[in-house]
Amino acid sequence: MSLTKVLSDIQALYSPAHGPVRNQLWYVLAAVVMTSLNRPKDVPRIYEAVEKSIQEGKKDDMTTEKSKVLMRMREGIFKSFVIIGYPKVINSLQALNTAVPSEVLAEIPTTPIRKETSWEDVNLQRERGYKLFDAVYDRHSKRVQENMHVAYPDLAQAAIHHLYGPVLAEPSIISAQETSLCIVAGLMVQDVPAQLRGHRYGALNQGATQQDLSRLESLVEIVTKYSESNKSNVTCES
């Protein structure tokens, strides 16, 4: 199966799409799953597929639209490091840049969107982290934190102070609901049923629907089958 066919099948899952291309989520989730499967060289092809859709739409502000898509892909992949690890994310983000025209890169911010210039910034991030953790785990939040603390005291603290607060709770590019689906996407690729179960409920708590989760399962299955059939070929398929 070619990557072109894979991306076409994924787009079909999310059709009919409403609103501008940049607001669609399929390409962000596809990039997260491809990153989880350690196929960084396929990530640029996802961007190129979205870019083609934008060009076919013949909008006047195509460069701005493409830059929004790039930011969303970057942010979704970045947030997934919480689940899949930093090395895979580094490789995918570096590969992604190779597919982006210079005029699009010129519109992308060159400073971090997460501000940590003062202790007040850090405290605000931590407050957001606690709120998001509570929103995800709902009535189980305290128990989950206590279980992590018992396993290793630093575990719960790091989860909120360094993962949920500054990374996952940043809503300016990828919303809380979208973030929850990115996390579930990364977990679906791995054999971690307890965490997957918790974050599936967390996604529902963030406003996702059962249909969202079912479509995501189909997306993961499509990409995983593609990856399995192309294990010996790390280059992009046409």
Looking at [Y], is its backbone amide N or carbonyl O close enough to the side chain of [X] to form a donor-acceptor pair, meaning the two atoms are under 3.5 Å apart?
X    : Y    : value
S227 : V223 : no
S229 : K225 : yes
E48  : A99  : no
S8   : K5   : no
S175 : P171 : no
K68  : R22  : no
K79  : E170 : yes

Non-hydrogen atoms of Q11 and S15 that approach each other most closely: O-OG, 2.8 Å

Flag yes if [X] and [Y] sit in one hydrophobic cluster, no otherwise; membership is Ile, Leu, Val, Met, Phe, Trp, Tyr, and two members link when side-chain heavy atoms are under 4.5 Å apart.
X    : Y    : result
L93  : I173 : yes
L124 : L168 : no
V150 : F133 : no
V32  : L181 : no

Worked check of side-chain contact (heavy atoms from CB on, under 4.5 Å) between I183 and S80: CA-CA 6 Å; I183 295 304; S80 73; 5.7 Å; no

Test side-chain contact (heavy atoms from CB on, under 4.5 Å) applied to H149 and D154, step by step: CA-CA 7 Å; H149 183 85; D154 290 44; over 6 Å; no

Heavy-atom side-chain proximity of [X] to [Y] below 4.5 angstrom:
X    : Y    : value
N230 : L3   : no
C182 : V28  : yes
V136 : Y201 : no
E51  : P101 : yes

Would you give the length of the straight line joining atom [atom1] of [X] to atom [atom2] of [Y], rounded to the nearest 0.5 angstrom?
X    : Y    : atom1 : atom2 : result
R126 : Y130 : CZ    : OH    : 8.0 Å
N91  : L96  : CG    : CG    : 12.5 Å
S172 : M71  : OG    : CE    : 7.0 Å
R215 : L25  : CZ    : CG    : 9.0 Å
R45  : R39  : CZ    : CZ    : 11.5 Å
L105 : L70  : CG    : CG    : 6.5 Å

Which atom pairs, one a donor and one an acceptor, fall under 3.5 Å between side chains of residues 108-118 and the rest of the protein, sequence neighbours left out?
residue	atom	partner	partner atom	Å
R114	NE	P166	O	2.5
R114	NH1	E75	OE1	3.3
R114	NH1	E75	OE2	3.4
R114	NH2	E75	OE2	2.5
R114	NH2	V167	O	3.0
K115	NZ	P112	O	3.0
T117	OG1	D121	OD2	2.9
S118	OG	E120	N	3.4
S118	OG	D121	N	3.2
S118	OG	D121	OD2	3.3

Partners passing ring-ring contact (aromatic ring centres under 6.0 Å, His included) against F78 (at least two apart in sequence or in another chain): F81

Test ring-ring contact (aromatic ring centres under 6.0 Å, His included) applied to Y47 - qualifying residues, sequence neighbours left out: none

Given L204, N205, V144, the one that forms side chain to side chain contact (heavy atoms under 4.5 Å, CB included) with D138: N205

Cluster companions of V122 among Ile, Leu, Val, Met, Phe, Trp, Tyr (side-chain spacing under 4.5 Å): W119

Derivation of the side-chain contact (heavy atoms from CB on, under 4.5 Å) call for R200 and M188: CA-CA 10 Å; R200 284 180 69 104; M188 282 181 173; 3.5 Å; yes

Partner set under side chain to side chain contact (heavy atoms under 4.5 Å, CB included) for T224, not counting sequence neighbours: L37, V220, E228

R72 versus Y27, side-chain donor and acceptor atoms under 3.5 Å: yes

Any donor-acceptor N or O pair under 3.5 Å, side chains S141, Q145: yes

From CA spacing to verdict: side-chain contact (heavy atoms from CB on, under 4.5 Å), V189, I84: CA-CA 9 Å; V189 179; I84 67 175; over 6 Å; no

Ring centers of Y137, H199 separated by less than 6.0 Å: yes

Pairs flagged by side chain to side chain donor-acceptor pair (under 3.5 Å) wherever residues 93-104 is involved - sequence neighbours left out: R74-N97

